[in-house]
Every structure is written in C-alpha cells, then in structure tokens.
Amino acid sequence: MTSNIGWELYRSFLGVLREGSLSGAARALGITQPTAGRHVAALESALGVALFTRSQVGLMPTEVALALQTHAEAMESTAASLERAATSQGEGVRGVVRISASEVIGVEVLPPIVARLREAHPALKVELVLTNRVQDLLRREADIAVRMVRPAQDALVARRVGGIEIGLYAHQRYLADHGTPRTMAQLQRHALIGYDTETAFIRQMQKRYPAFTRGTLAFRSDSDLANLAALRAGHGVGVCHVGLAKRDPSLVRVLAKEFAPVLDTWIAMHEDLRESTRCAVTFAALVAGLKGYIAGS
C-alpha cells in the first residue's frame with residue numbers, strides 16, 4: 001500500500017461514488033473522463049484493493065469503497081475548511097464562512113441577517129448549507145451551525161439565542177371552507193400537513209400531540225419548505241413559526257393554547273475557530289439577528 005496518496009485521487013473516488021460513473025464524476029468535478037478514470041485506477045493501485053465493479057447500471061462500489069466513504073468525506077470537509085481558512089488571510093473581515101441551517105431558518109430567516117453582515121463586511125463570502133440534518137462541526141462540514149437542539153460535543157463553542165415558538169396555522173380560505181378546529185380531537189376531521197419520515201424529534205412530538213400520526217396527514221413531505229408552501233396554498237392545517245406567520249395575514253393560528261411548543265435555538269462552531277475573525281464576526285451577527293427574530297415573534 002502506498003502511504004502518500006494525493007487528495008485528488010480521493011476526490012475523484014467520491015465523485016464516482018456519488019455519480020455512479022466516470023463520466024458523471026468528470027462532469028461534477030470539472031475534469032475529463034480519462035482523468036477521473038486514471039485517478040480511480042491509481043487509488044486502487046495505491047490501496048491494493050478494487051473499489052468499483054462494472055454493471056449494467058454503472059460502476060458499483062465494493063464493500064471496501066463503502067467503508068472508505070466516511071473517511072474520504074472527512075478529508076473532503078477538511079480540505080474545504082483549509083481552503084476557507086486560506087481565503088481569510090489578510091486585513092479585515094474576509095474569506096469564506098460556511099453556515100449550516102435548517103430549510104426554514106435558511107430560507108425564511110437568515111437572508112436579511114446575512115445581507116446586513118455582507119453590507120458591513122463586503123469582502124466576506126457566505127456559503128449556506130440548507131439541511132435538516134445536524135451537520136458535524138467537528139469534521140468541519142460547516143464552520144457555524146444554527147441548531148434546534150443543544151450541541152453535545154465538548155469541542156464546540158455554543159450560544160443559546162432563545163426559543164422559537166411554533167403553532168398550528170391554516171390559510172383563511174381553508175378555514176372559510178372547512179371551519180376552524182376548536183379542540184385537538186377535531187383536528188382529525190381536517191386535512192393535516194406534516195412529515196413523511198419519522199425522526200427522533202417527530203416521535204418525541206407525537207408523544208405530546210398524538211393527533212399528528214403519519215396516517216392522519218393529508219399532505220406529507222420531509223421538506224419543511226414544501227410543507228410551508230402547502231400551508232400557504234391552503235392545503236390544510238400545519239405547523240409554522242409564529243414569527244413567520246405574523247408576516248402573512250392570510251395565515252390564521254388555531255388551537256394556540258393547546259399547541260405552542262418552543263424550539264430551543266443554538267448557534268455553534270468549533271472551538272478552534274474562535275480566533276478566526278470571519279467566523280467570530282459571523283457568529284456574533286447570527287446571534288444578534290436570531291435574537292431579533294425571536295424577540296419579534
């Protein structure tokens with residue numbers, strides 16, 4: 001086994017793993033197909049193992065390839081983190097900062113906060129990762145994360161910014177056609193909007209609000225943005241941030257006393273980034289901006 005293996009070989013390996021072919025990997029990475037092929041062949045030779053087998057549907061990863069995937073992705077995150085750190089060198093707040101947030105926070109809440117940040121620091125570039133998955137800050141998948149759960153890792157700097165209240169809402173047109181539920185039991189007679197796949201958070205919520213089981217939902221999606229769009233379109237009754245709903249007079253809250261969970265909201269980053277000017281400034285801007293959003297909810 002060769003000990004010094006260049007990152008570009010692993011980069012092409014991940015490309016093929018994700019795209020399922022050399023041509024797909026080449027397009028995704030901006031290289032030629034022969035180059036991608038040479039990289040994979042060189043990696044297989046250096047490791048002394050076969051990483052892919054050919055099939056009618058493309059290149060299929062071997063067990064070894066699947067075992068290497070997590071480690072290669074960690075290398076990818078580290079390489080991206082190194083690149084962001086390199087771009088930040090020089091005077092003032094500059095370089096790239098990568099923020100991870102849920103779909104709703106990223107699309108509905110963060111844009112004005114990030115816009116004000118960029119106005120104050122025009123040399124700063126922002127990458128926004130929209131995901132409901134908790135990204136691993138220790139592996140540098142992002143520099144800073146907005147999370148709805150308290151970070152558990154010791155190596156993170158975390159700040160609680162408050163609680164975001166959520167409620168049940170429906171479009172006024174839907175309520176005019178179908179009536180307004182007065183009790184949680186009456187929700188069973190209404191078209192409910194919600195999740196498709198159960199998660200630990202969903203199961204926890206079901207214990208408190210058993211009316212929301214998957215079988216009772218008329219519109220199901222794991223995309224919070226899709227559910228929010230369905231709510232705004234009048235599909236039925238669904239969950240929304242109280243602060244967001246206040247922006248839209250056509251959304252009417254129902255059962256406010258019976259359903260008012262609060263999502264604990266945290267901002268976190270790796271402790272090693274505390275001395276990074278770009279990250280410290282962004283962290284502070286997110287804290288201030290989200291506190292303002294929560295205060296206005």
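Reckoned from all heavy atoms, side chains included, excluding hydrogens, waters and symmetry mates.
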- Using side-chain contact (heavy atoms from CB on, under 4.5 Å) as the criterion, list what pairs up with R253, not counting sequence neighbours. E165, Y169, V242, A256, A260
- Exam field: side chain S12 to backbone L9, donor-acceptor pair closer than 3.5 Å: no
- Item | Approximate separation, where rounding is to 0.5 Å, of F13 CZ and M75 CE | 10.5 Å
- Would you please test E76 and R18 for salt bridge (Lys or Arg N to Asp or Glu O under 4.0 Å) and show each step? CA-CA 13 Å; E76 181 181 45; R18 290 164 177 164; 2.7 Å; yes
- Please identify each residue that fulfils side chain to side chain donor-acceptor pair (under 3.5 Å) with D264, with sequence neighbours left out. R160, W266
- Examine I164 and F201 and state if one hydrophobic cluster contains both, with Ile, Leu, Val, Met, Phe, Trp and Tyr joined whenever side-chain heavy atoms are less than 4.5 Å apart. yes
- Note on the structure: Members sharing L29's hydrophobic cluster, built from side-chain contacts under 4.5 Å between Ile, Leu, Val, Met, Phe, Trp and Tyr, are I31
- Query: What about the rings of Y10 and H71, do their centers lie closer together than 6.0 Å?
  - Reply: no
- May I ask you to test the P181-R189 pair for a side-chain heavy-atom distance under 4.5 Å? no
- Task: Using the side chain to side chain contact (heavy atoms under 4.5 Å, CB included) rule, take E108 and L228 through it: C-alpha gap first, then chi angles, then the decisive distance, then the call.
- Result: CA-CA 10 Å; E108 299 284 345; L228 182 58; 3.7 Å; yes
- Task: With the side chain counted from C-beta on, respond yes when I99 and V129 share a heavy-atom pair under 4.5 Å apart, and no when they do not.
- Result: no
- side chain to side chain contact (heavy atoms under 4.5 Å, CB included) between L192 and L187: does it pass, once the steps are laid out? CA-CA 8 Å; L192 302 181; L187 283 177; 4.1 Å; yes
- Message: For a quick check under 3.5 Å, do D196 and S221 share a side-chain donor-acceptor pair by atom type?
- Response: no
- So how far is it from L168 CG to L255 CG, rounded to the nearest 0.5 Å? 6.0 Å
- Note on the structure: CG (L17) and CG (L51) are apart, to the nearest 0.5 Å, by 9.0 Å
- Would R278 and E127 pass as an ion pair if we require N to O under 4.0 Å? no
- Task: Sequence neighbours left out, what pairs pass ring-ring contact (aromatic ring centres under 6.0 Å, His included) with at least one residue falling in residues 215-243?
- Result: F219-H235
- Could you pull out all residues at least two apart from E44 that satisfy side chain to side chain donor-acceptor pair (under 3.5 Å)? none
- Task: Any chance you could lay out the side chain to side chain contact (heavy atoms under 4.5 Å, CB included) test for V146 and V161, step after step, and finish with the verdict?
- Result: CA-CA 10 Å; V146 181; V161 294; over 6 Å; no
- Test salt bridge (Lys or Arg N to Asp or Glu O under 4.0 Å) applied to E103 - qualifying residues, sequence neighbours left out: none
- Would you please say whether a donor-acceptor pair under 3.5 Å links the side chains of S21 and S23? yes
- Query: Taking R147 for the side chain and S102 for the main chain, is one N or O donor matched with an acceptor at less than 3.5 Å?
  - Reply: no
- Message: Treating H121 as the side-chain partner and A123 as the backbone partner, does any N or O pair qualify as donor plus acceptor under 3.5 Å?
- Response: no
- Task: Taking T62 for its side chain and A50 for its backbone only, find out whether a donor-acceptor pair lies under 3.5 Å.
- Result: yes
- Message: Between L68 and L47, is there a side-chain heavy-atom distance shorter than 4.5 Å?
- Response: yes
- Message: Is there a side-chain contact between V157 and L273 in this structure, where contact means two heavy atoms from C-beta onward sitting under 4.5 Å apart?
- Response: no
- Message: Do R118 and V114 have side chains that approach each other closer than 4.5 Å (heavy atoms only, starting at C-beta)?
- Response: yes
- Task: For R54, look at atom CZ and say whether over 12 heavy atoms of other residues, nucleotides or ligands are found less than 6.0 Å away.
- Result: no
- Task: Considering only NZ, NE, NH1 and NH2 on the basic side and carboxylate oxygens on the acidic side, decide whether R38 and E8 come within less than 4.0 Å.
- Result: no
- Task: Look only at the side chain of T197 and the backbone of Y195, and say whether a donor-acceptor pair between them is shorter than 3.5 Å.
- Result: no
- Query: Step by step, would you call E271 with L156 a side chain to side chain contact (heavy atoms under 4.5 Å, CB included)?
  - Reply: CA-CA 5 Å; E271 62 181 2; L156 298 182; over 6 Å; no
